[in-house]
Amino acid sequence: SQQGEEDPQALSIQEGENATMNCSYKTSINNLQWYRQNSGRGLVHLILIRSNEREKHSGRLRVTLDTSKKSSSLLITASRAADTASYFCATGTSGTYKYIFGTGTRLKVLA
Amino acid sequence: NAGVTQTPKFRVLKTGQSMTLLCAQDMNHEYMYWYRQDPGMGLRLIHYSVGEGTTAKGEVPDGYNVSRLKKQNFLLGLESAAPSQTSVYFCASRQTGENEQFFGPGTRLTVL
């Protein structure tokens, strides 16, 4: 399978703490995206980082990409209860129209 | 704009029955996708389309067929449902280039 893998599979933190989740993938990519999924809902796009970028910020989100290690990390700072959700990475490769999704990290933020 | 809509939201089928899931998008996107999501797993691509009149197989296409007769619609068909097809089905669309996918709310299908 070309599917990426996130770790940890599940993460539980207190409100106000930072949450870090990681994504590893197997093939060369053009870009990597992170999505959030609230329970029972569709996925919502958070951020996209291109293969020639190393770090990107959006509000409380910080994404890094290390193409030599084929890995990415998503950092959510000052977490809130509303951040409780599953987070997925998706990789896009050159020459295809498909994105391969990872298995997800379930984040629980305790108030 | 409604974005991406899916009908129905829920469905229960008996083994061997057929059904069609409808996905519609009003963003004039070229690419559309059907995924399935099983408990504790990520999304697996069933079929996708890169434009009106085109379709292609994804990771798990067996037992499914698709059609994209109109740019805004992408239909997913199950000809003879099996319990292994019990899942939540998501449709997504995106514009050409390195762009985000927009997801529908999902269809929860149970096959008895």
Side-chain angles (χ1 to χ4, degrees), chain A residues 1-10 21-27 29-53 56 58 61 63 65 85-107, chain B residues 2-7 9-10 21 23-25 27 29-51 54-61 66 68 74 87-109:
Chain A
S1 170
Q2 296 180 21
Q3 197 170 47
E5 294 184 2
E6 280 98 332
D7 84 273
Q9 288 188 333
M21 52 205 85
N22 305 293
C23 168
S24 61
Y25 55 92
K26 297 179 181 178
T27 62
I29 62 171
N30 274 1
N31 65 77
L32 185 145
Q33 302 181 27
W34 284 91
Y35 289 82
R36 184 186 73 229
Q37 183 181 34
N38 291 93
S39 181
R41 311 286 290 272
L43 279 71
V44 175
H45 181 261
L46 294 175
I47 195 166
L48 179 152
I49 186 166
R50 293 183 169 80
S51 59
N52 61 353
E53 297 175 314
K56 204 160 182 181
S58 176
L61 305 180
V63 170
L65 179 64
S86 291
Y87 292 82
F88 296 90
C89 66
T91 53
T93 55
S94 175
T96 78
Y97 306 99
K98 301 181 291 186
Y99 279 84
I100 304 298
F101 281 81
T103 50
T105 292
R106 294 188 309 280
L107 173 66
Chain B
V4 179
T5 58
Q6 293 182 231
T7 53
K9 288 185 170 50
F10 303 92
L21 282 66
C23 175
Q25 52 96 3
M27 296 171 283
H29 286 169
E30 290 294 332
Y31 305 155
M32 296 187 75
Y33 305 84
W34 276 108
Y35 296 92
R36 62 176 288 173
Q37 184 178 34
D38 299 301
M41 296 183 68
L43 276 69
R44 291 185 291 169
L45 182 64
I46 304 171
H47 286 281
Y48 64 101
S49 168
V50 299
T54 75
T55 62
K57 294 180 180 179
E59 299 174 78
V60 289
V66 287
R68 183 116 181 254
F74 195 28
S87 189
V88 181
Y89 292 85
F90 289 100
C91 176
S93 71
R94 73 177 177 93
Q95 195 43 282
T96 57
E98 293 182 315
N99 290 304
E100 65 186 276
Q101 293 184 64
F102 290 82
F103 282 82
T107 294
R108 189 173 297 273
L109 175 66

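In what follows, every chain begins at residue 1, and chains take the letters A, B, ... in the order their sequences are listed. The analysis underlying the following values was restricted to heavy atoms, covering all of them including side chains, and did not include hydrogens, waters or symmetry mates.
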What distance do A/Tyr97 atom OH and B/Leu45 atom CG have between them, rounded to the nearest 0.5 Å?
14.0 Å

Partners meeting salt bridge (charged side-chain N to carboxylate O under 4.0 Å, His left out) with B/Glu100 (sequence neighbours left out)
none

Could you state the interatomic distance from CZ (A/Phe101) to CD (B/Gln101), rounded to the nearest 0.5 Å?
4.5 Å

With rounding to the nearest 0.5 angstrom, report the CG to CD distance, B/Asn99 to A/Gln33.
8.0 Å

May I ask you to name which of A/Ala90, A/Ser86, A/Gly42 has the most heavy-atom pairs under 4.5 Å with chain B?
A/Gly42

Side chain, backbone, both or neither: which part of B/Phe102 has a heavy atom under 4.5 Å from chain A?
neither

Bottom line for B/Val50: the part with an atom under 4.5 Å from chain A's heavy atoms is side chain

Nearest-0.5 Å distance that lies between atom NE2 in A/His45 and atom CZ in B/Phe103
10.0 Å

Within the supplied structure, the quantity of interest is the number of heavy atoms (other residues, nucleotides, ligands) at a distance under 6.0 Å from B/Gln95 CD; does it exceed 12?
yes

Would you mind checking which part of A/Leu48 comes under 4.5 Å of any heavy atom in chain B, side chain (CB onward), backbone (N, CA, C, O), both or neither?
side chain

Answer with side chain, backbone, both or neither: which region of A/Glu6 has an atom nearer than 4.5 Å to a non-hydrogen atom of chain B?
neither

Looking at OH of A/Tyr99 and OH of B/Tyr35, how far apart are the two atoms once the value is rounded to the nearest 0.5 Å?
9.0 Å

Taking every heavy atom of A/Phe88 against every heavy atom of B/Gln37, the minimum-distance pair comes out as CZ-NE2, 3.5 Å

Which bit of A/Tyr35 comes within less than 4.5 Å of chain B, counting heavy atoms only: side chain, backbone, both or neither?
side chain

What heavy-atom pair brings B/Tyr33 and A/Lys98 nearest, and what distance separates the two atoms?
CE2-CA, 4.3 Å

